[in-house]
Trainee: 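Sharing a structure with you now.
Reminder, nothing fancy here: chain letters follow the sequence lines and each chain counts from 1. From a predicted model like this one, the values you see are computed outputs, not experimental measurements.
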Amino acid sequence: MSLDQFREEVVDFLEANCLKSMRKPILDESDTYWGGRNATFKNEDQEKWFHAMAEKGWTTPTWPAKYGGGGLSKEHGIVLKKEMTRLGCRPPLLSFGIWMLGPALLKFGSEEQREEHLPGIIKGEVRWCQGYSEPGAGSDLAGLQTSAISDGDHYIVNGQKVWTSYADQADKIFALTRTDNSSKKQIGITFLLIDMLTQGVSTRPIKLISGKSPFCETFFDNVRVPKANVIGDENAGWTVAKYLLTHERASIAGASDSDVMTPISYYAKSKVGVDKNGVLNDVMLRSRIAEWEMDAASFKFTMDRYAQEMKAGQSIGAKSSFMKYYGGELNKKKYELRLECEGRTSLAWDGEGFKGGKVARQFCRTKGNSIEGGTSEIQLNIVAKHILGLPS
Amino acid sequence: MSLDQFREEVVDFLEANCLKSMRKPILDESDTYWGGRNATFKNEDQEKWFHAMAEKGWTTPTWPAKYGGGGLSKEHGIVLKKEMTRLGCRPPLLSFGIWMLGPALLKFGSEEQREEHLPGIIKGEVRWCQGYSEPGAGSDLAGLQTSAISDGDHYIVNGQKVWTSYADQADKIFALTRTDNSSKKQIGITFLLIDMLTQGVSTRPIKLISGKSPFCETFFDNVRVPKANVIGDENAGWTVAKYLLTHERASIAGASDSDVMTPISYYAKSKVGVDKNGVLNDVMLRSRIAEWEMDAASFKFTMDRYAQEMKAGQSIGAKSSFMKYYGGELNKKKYELRLECEGRTSLAWDGEGFKGGKVARQFCRTKGNSIEGGTSEIQLNIVAKHILGLPS
Amino acid sequence: MSYVLTEEQEFLKSSAKDLLKEAPVALVRELRDNQNELGYSSDLWNAMVEMGWPTTALSEDLGGLDFGLKGLNILMEECGRTLSNSPLFSSLLAGLVIQKYGGQSHKEVLTKAVSEGATIAIAIQEGQHYQPKNNGTSVIGGAMSGSKTMVADAHVADHFLVSYNTDNGVEVVLIDAKSQGVSISKEFYMDSRFYSTVTFDQVAVDEKEVLSAGKGKSVVSYITNCASILISSELIGLMTEAFERTIAYLKERRQFDKVIGSFQGLQHRAADLYGEIEVAKSIVLKAVDALDENDIMAPALCSMAMAKTSKVAKTATNEGVQMYGGIGMTDDEEIGFFLKRARVAASLFGGYTYHLNRFAKMSGY
Amino acid sequence: MSYVLTEEQEFLKSSAKDLLKEAPVALVRELRDNQNELGYSSDLWNAMVEMGWPTTALSEDLGGLDFGLKGLNILMEECGRTLSNSPLFSSLLAGLVIQKYGGQSHKEVLTKAVSEGATIAIAIQEGQHYQPKNNGTSVIGGAMSGSKTMVADAHVADHFLVSYNTDNGVEVVLIDAKSQGVSISKEFYMDSRFYSTVTFDQVAVDEKEVLSAGKGKSVVSYITNCASILISSELIGLMTEAFERTIAYLKERRQFDKVIGSFQGLQHRAADLYGEIEVAKSIVLKAVDALDENDIMAPALCSMAMAKTSKVAKTATNEGVQMYGGIGMTDDEEIGFFLKRARVAASLFGGYTYHLNRFAKMSGY
């Protein structure tokens, strides 16, 4: 089908199936749908929209049709994405299965594994979470120690994962485990799929400095996992993990972008006031705001530039590390400035007059922007080594 | 003699021997006297003042009288220094011999060596320069390669030193040389005194980005040096060098201090202008000036605090590294701000209307503040290791 | 001027440390999690009162210990190290102001308050920011109306020092908290402390209760100076403790088979921060001394001290969380409490830009 | 809008690189050390003229190559890499202004100038700083008097574009350099270039030579915008070259038995600087495009581009000297030339705070 024809079809479909309420910006968690056995729909509109998309396989538009995916070409996929953006359609399904496990299965999984797991992801029947970091293995992810000891055609898994988002909601987890301790630590890691209902798996939510969070700790106590659940080869899980980490980094840099572009001068003008010439009363705060806005704009245009360069066939490579770093630091500075601009109410933690401490909590939460998904220090290391070619 | 009696005597002496012209601030090189065979006096006042002080040994007030020093106690020395400062007396003699070689001789030299060299330093007859750094050994001073090969009761010295201040004016040089290449590089360094008139010694002035400078390169081409000229033991010169480097660092931190305290807002007000409320017209520049002045004042009071703490018997230790670092960075920022405050005329390089490009050249020169006497990076390493106790 | 402590001052410091051992950061967490209505431990506060802390800076004729601001610098620094909360801050500030500008009746209220542990809270701010010149509170026909924000310790105060506007400028008056027309709305903040909005609705003002009538501008400026000293001293304690904990963590946490404190990237940042804390300490000590000695430069120095400590406290706590990494983001770890207290403390009685601007103006540019 | 070069633009870039191989940084040193009277190589300038560089942005009816500002961005970036000096900057700026605001007579002067390599210099600044609103030059009875500072290429100019003040605001007029009453005082600057103070003493002004009379404010604003594009483009080339040289040195210089580029402290700073240069490039490209397309945001973007590049160019050259260490302080090494040029370039037609302030005002705060 020609792209123009396809575009028409898409628009007709979206108009019919994505009702007005599903085209409003997502305001909180309850506006999203993550699937899995614990999921419920917020309302009929959400349910209708999800099923319409899942049936066409458009929850994963470019995945192969044989697994239930949309089977669209890259170009057709872009058309669909653009039209959804243009109409403001909410994503019908949020899923670590779609963002992370799926790409790994498509690249490293066996045909049996794809057939087993992809349909459940596409139809939103199985909700996945990610088990990478451990208390002793953060920046040094390869230092992980959750052990998977061979026992016939099973592994016995013992250890603890941390920062497993929504582990308490998920059906299954894809986890990095250590199957060999004898050689270089990057070797001996195995990428393993584990059902959260298996005996010995338990989770505990993590409270952050900003309050409640989707993060959990996940514990494995003599958990039996079939060896058929290894993705890629035994001891070769690091290759799979690295592939997915690049994915994650690009998506985090992108995520902070939208927030970065709200002009901070807006808050300042209303809370600090302006003189008769329209100049901010606090001239010293003003110059710091201007510096921030200059940097934020420069960053925004850099994201645009990289997008264009990628389209023109240039590789972005380790630049995703720079974006992650710069975007994270910008967002942290933004919230420091917001507290200074807004003063009193932005410092309150509870109470209705303060929207439940929204700004203060967001402020605290931004401090994690330079830690999660690879710390700023790790990103700078990557830039130094892989872009600038500086030696270890 | 009681301190009060001594003070009276000092004042009488200074009033009589330090004429008015010798109590004015030093404006340029020609107002200073460095001694040595190449020295001439600028005028009779300078000559009189120098001789009066040298005769009493007050060019080095606390050095032992037997070498010609003043033989004063620490307390009496402080009285002399205070009274000279109060009256604005210029130092009668500037000398690396006084600041550096002398302390090394007093700590590490043999009695014969002291008798041979200290009187010439005290009387200003011999001008010394320092030969430490090499093109390949800057921050990593211990990596120096100027070789001193044993040849009977002489060494044969070959190699190149750099940043030897006033080498082209000096009579002799105290240099670090390598006498052993076989073990750890800090071992195998020998502290050697070399006459600049020895065959094979040559110098070449170094031009800096700011223009002319006192720095030279010094070359040694098969230079024969008597073994009697070793200070301390052969292969133990690193101990002597470390002792002197601590001296140097403290004096550099002190030197930048005076400059740091000139309020930069003075330049800004005259060159940028103020509004009817007296507020600087460039409000953005204003906030950066205020930040700088806040830091400069905080640093100034820190120097005061450390001075008091030392008096109270607390050790300053590696804090001299922090002072060197902070003072150097402050001075660099100051000149960046001065260019922004003063604009056009501060950017000119030549010509009478611009005082020969004084500000621009000083600006360029400040860039060396974080390099000479141990780079900022080296100072931060020292703070991290010796104050914070962080491991290598 | 002295940067080195005398024996008496050393003793004050070590007795403060001793008492505050009873009030570790864990106590802040406990009070928060139990939704304690005061936001502080009344046992701790009683112990402070018993030891005479509220009288530390007062002269002997007011029954005080006569340590001057230097003594408060010592106490507040120690409070900053454990993030200890109590009505001490308001007590000390009110004491300083009444000692200098109060009449006989104010002094009677003060001496009674400090001996019994009663609180006099300072109600100056209005709206979002500390801007004491923009005063919407006024007295018409002997009745004051207006609304004050961010009033520390208002929920336990027996009295308020309140600023209001007149045709001739600002005045500051002592108001009994039980007066008709005073209402208090208690709010819970990021630093796990309560601040209140205090509303004065036609509250009767007794002119005798005005502090140094006609000199209100000086009174307010003195409040700003004293608050700067108290808060910047607290911030020095806070940043020093946060920094020391961070350095300890750098020596303990291993990644890539190394202690992370061995990485030069972190070492240089830690060393730089060490220096910033050193210079921040000095400017605070200088400001303390200048205000104790009525030095003409004192107000500018107080503002420099407040601006510098706000800035460095933010850096120190940010670096703390960053260097702790993921664990620093969890509520289980205490470093986050330092981060949060630093932000609120650095906004009370004027934040970074307020004080930087005040300093620049005083310096004539 | 496009951040990616077209084939034509790529060709322009590579031909610029080719020509500028003849004008390495060593040429700047040579001209300086020989006290060359022009401050540039006339051979190089003739070659530029021959290749039509001064006409790069002009439309075809003015005999131009029609590359728009994008073309100038490419040329100036390459000039920045080698610190190449010539009257190109003034030529390009005058061309842009006359193309947009000039009448027939101005355009005739322009087309003649660009084909012959004659220079039209821009005389706007007075006093120490670029503050085009504070204009002390005026015309009384048809005669202009006043003094302009920091005029680039004045010593070789045949004409000047001069701003002066009227009751209705500023105007810009084309003046023949040979007019009675024009005097030029050439001064040598830190970047080894000449700038002049140009004095106009009762110089006759032909009203026909005023550009878009009554629209002088727009003309001056356009000059500021175009100059920002030209200089920020040059600064991108300058900082990129300085950075690449620094990285190369980090890979080569050994201390402590290691290449210094292996130290994490330096690596993190280098990586951070890499990012700053990346974002600076983007804001310049965006501003170029916006001005080419008459976007309403163009002036604000031009000021952001100029502010950002001034700042990053300073950081990049400071880090360059610092990372080169002692050798970077010597005149023998070329990194110092980058440091010096960066400071002068970042002050022409408004420095960091001028443009940051202009951007903030345009953004409504």
Side-chain angles (χ1 to χ4, degrees), chain B residues 133 135-143 162-163 185 206-213 215 270-273 281-288 332 336 339-351 353-354 357 359-361 363-365 367-368 370-372 375-378 380-381 384, chain D residues 32 35 125 127-131 134 149-150 185-193 195 197 253-258 260 263 265-266 269 307 310 314 317-318 320-333 335-337 339-340 343-344 346-348 351-357 360:
Chain B
S133 300
S139 290
D140 179 18
L141 183 57
V162 74
W163 308 119
K185 62 189 175 182
I206 295 174
K207 189 178 169 195
L208 290 185
I209 58 174
S210 45
K212 276 200 295 188
S213 88
F215 297 117
S270 65
K271 305 280 182 169
V272 176
N281 279 329
D282 186 336
V283 290
M284 289 186 168
L285 188 53
R286 174 174 177 265
S287 67
R288 287 165 61 221
K332 289 198 299 179
E336 292 283 353
L339 295 198
E340 289 194 59
C341 289
E342 296 178 51
R344 185 175 77 93
T345 48
S346 70
L347 297 164
W349 195 248
D350 269 334
F354 309 106
V359 182
R361 288 166 189 271
F363 163 80
C364 289
R365 186 61 186 81
K367 297 304 173 192
S370 49
I371 298 171
E372 57 207 319
T375 63
S376 281
E377 290 78 11
I378 293 291
L380 290 173
N381 285 346
Chain D
R32 179 196 71 179
Q35 298 186 288
Q125 181 172 333
Q128 296 297 104
H129 300 276
Y130 183 72
Q131 281 292 356
N134 303 336
T149 56
M150 262 338 255
S185 156
K186 189 175 81 167
E187 297 143 1
F188 191 69
Y189 276 75
M190 195 179 186
D191 58 349
S192 301
R193 301 184 182 202
Y195 301 87
T197 296
R253 169 78 172 170
R254 296 182 70 86
Q255 292 281 275
F256 305 106
D257 303 323
K258 279 181 181 174
I260 62 172
F263 290 107
L266 298 184
R269 277 157 52 194
S310 311
K314 285 176 190 175
T317 52
N318 281 344
V321 172
Q322 181 69 21
M323 292 186 184
Y324 268 87
I327 191 89
M329 282 298 294
T330 66
D331 188 66
D332 282 346
E333 177 52 53
I335 193 76
F337 286 81
L339 178 88
K340 295 173 185 176
R343 295 313 179 284
V344 179
S347 83
L348 297 169
Y352 180 64
T353 50
Y354 175 83
H355 282 287
L356 198 62
N357 190 49

Trainee: On a heavy-atom basis, which atom in D/Ile327 and which in B/Trp163 lie closest, and how many Å separate them?
Mentor: N-CZ2, 4.1 Å
Trainee: What are the two closest heavy atoms between D/Asn357 and B/Met284, and how far apart are they?
Mentor: N-SD, 3.5 Å
Trainee: Without swapping roles, check the side chain of D/Gln128 against the backbone of B/Gly343 for a donor-acceptor pair under 3.5 Å.
Mentor: no
Trainee: List the steps and the verdict of side chain to side chain contact (heavy atoms under 4.5 Å, CB included) for D/Met190 and B/Arg361.
Mentor: CA-CA 8 Å; D/Met190 195 179 186; B/Arg361 288 166 189 271; over 6 Å; no
Trainee: Where is the tightest heavy-atom contact between B/Gly136 and D/Gln255, given as atom of each residue plus distance?
Mentor: O-NE2, 2.7 Å
Trainee: Chain B: which of D/Gly265, D/Gly325, D/Ser192 shares the most heavy-atom pairs with it under 4.5 Å?
Mentor: D/Gly325
Trainee: Name the region of D/Ser347, side chain, backbone, both or neither, that has any atom closer than 4.5 Å to a heavy atom of chain B.
Mentor: side chain
Trainee: Answer with side chain, backbone, both or neither: which region of B/Glu340 has an atom nearer than 4.5 Å to a non-hydrogen atom of chain D?
Mentor: both
Trainee: Does any part of the side chain of B/Lys207, heavy atoms only, come nearer than 4.5 Å to the side chain of D/Asp332, both counted from C-beta?
Mentor: no
Trainee: Between D/Asp331 and B/Ile206, is there a side-chain heavy-atom distance shorter than 4.5 Å?
Mentor: no
Trainee: Side chain from CB out, backbone as N, CA, C, O: work out which of these in D/Ala360 comes under 4.5 Å of a heavy atom of chain B, or both, or neither.
Mentor: side chain
Trainee: Would you mind checking which part of D/Arg193 comes under 4.5 Å of any heavy atom in chain B, side chain (CB onward), backbone (N, CA, C, O), both or neither?
Mentor: neither
Trainee: Counting only heavy atoms closer than 4.5 Å, note whether B/Arg288 contacts chain D via side chain, backbone, both or neither.
Mentor: side chain
Trainee: For each of D/Gln125, D/Arg343, D/Lys314, tally heavy-atom pairs with chain B at distances under 4.5 Å, and name the one with the top tally.
Mentor: D/Arg343
Trainee: Under a 4.0 Å N-O cut-off, is there an ion pair linking B/Lys185 with D/Asp257?
Mentor: yes
Trainee: With a 4.5 angstrom heavy-atom cut-off, could you sort out which part of B/Ala142 is near chain D: side chain, backbone, both or neither?
Mentor: neither
Trainee: Within the structure provided, determine whether B/Phe215 and D/Met329 are in side-chain contact (heavy-atom separation under 4.5 Å).
Mentor: no
Trainee: Does either side chain, that of D/Gln322 or that of B/Ser376, offer a donor lying less than 3.5 Å from an acceptor on the other one?
Mentor: no
Trainee: Distance check, rounded to the nearest 0.5 Å: D/Tyr324 atom OH versus B/Ile371 atom CD1?
Mentor: 12.5 Å
Trainee: Report the C-alpha separation of B/Trp349 and D/Phe188 in whole Å, then their side-chain angles, then the decisive distance to 0.1 Å, and conclude whether the side chain to side chain contact (heavy atoms under 4.5 Å, CB included) test is met.
Mentor: CA-CA 6 Å; B/Trp349 195 248; D/Phe188 191 69; 4.2 Å; yes
Trainee: Please look at D/Leu356 and chain B and tell me whether the side chain, the backbone, both or neither of the residue comes under 4.5 angstrom of a heavy atom of that chain.
Mentor: both
Trainee: Pick one of side chain, backbone, both or neither for D/Arg254, based on which atoms fall under 4.5 Å of a heavy atom in chain B.
Mentor: backbone
Trainee: Examine whether an atom of D/Ser185 lies under 4.5 Å from a heavy atom of chain B, and if so say whether it belongs to the side chain, the backbone or both; otherwise answer neither.
Mentor: neither
Trainee: Indicate the atoms forming the closest heavy-atom contact of D/Thr330 with B/Ile209, along with that distance.
Mentor: O-CG2, 3.7 Å
Trainee: What residue in B/Val283, B/Thr345, B/Asn381, B/Val272 has the most heavy-atom pairs under 4.5 Å with chain D?
Mentor: B/Thr345
Trainee: Shorter than 4.5 Å, heavy atoms on both sides: which option in D/Leu266, D/Asp191, D/Asn318 has the most such pairs with chain B?
Mentor: D/Asn318
Trainee: Any idea which heavy atoms bring B/Glu377 and D/Arg269 closest together, and the distance?
Mentor: OE2-NH1, 2.8 Å
Trainee: Which atom names give the shortest non-hydrogen contact between D/Leu339 and B/Cys364, and what distance separates them?
Mentor: CD2-SG, 4.5 Å
Trainee: Among B/Gly138, B/Ser133, B/Gly143, which residue has the highest count of heavy-atom pairs closer than 4.5 Å to chain D?
Mentor: B/Gly138
Trainee: Can you check side chain to side chain contact (heavy atoms under 4.5 Å, CB included) on D/Lys258 and B/Asp140, steps first, answer last?
Mentor: CA-CA 10 Å; D/Lys258 279 181 181 174; B/Asp140 179 18; over 6 Å; no
Trainee: Give, as side chain, backbone, both or neither, the part of B/Asp350 having an atom under 4.5 angstrom from any heavy atom of chain D.
Mentor: both
Trainee: Which bit of B/Phe363 is near chain D, if near means a heavy-atom gap under 4.5 Å: side chain, backbone, both or neither?
Mentor: side chain
Trainee: Examine the side chains of D/Gln131 and B/Asn281 and answer whether a donor and an acceptor come within less than 3.5 Å of each other.
Mentor: no
Trainee: Non-hydrogen atoms of chain D under 4.5 Å away: do they reach the side chain of B/Leu285, the backbone, both or neither?
Mentor: both
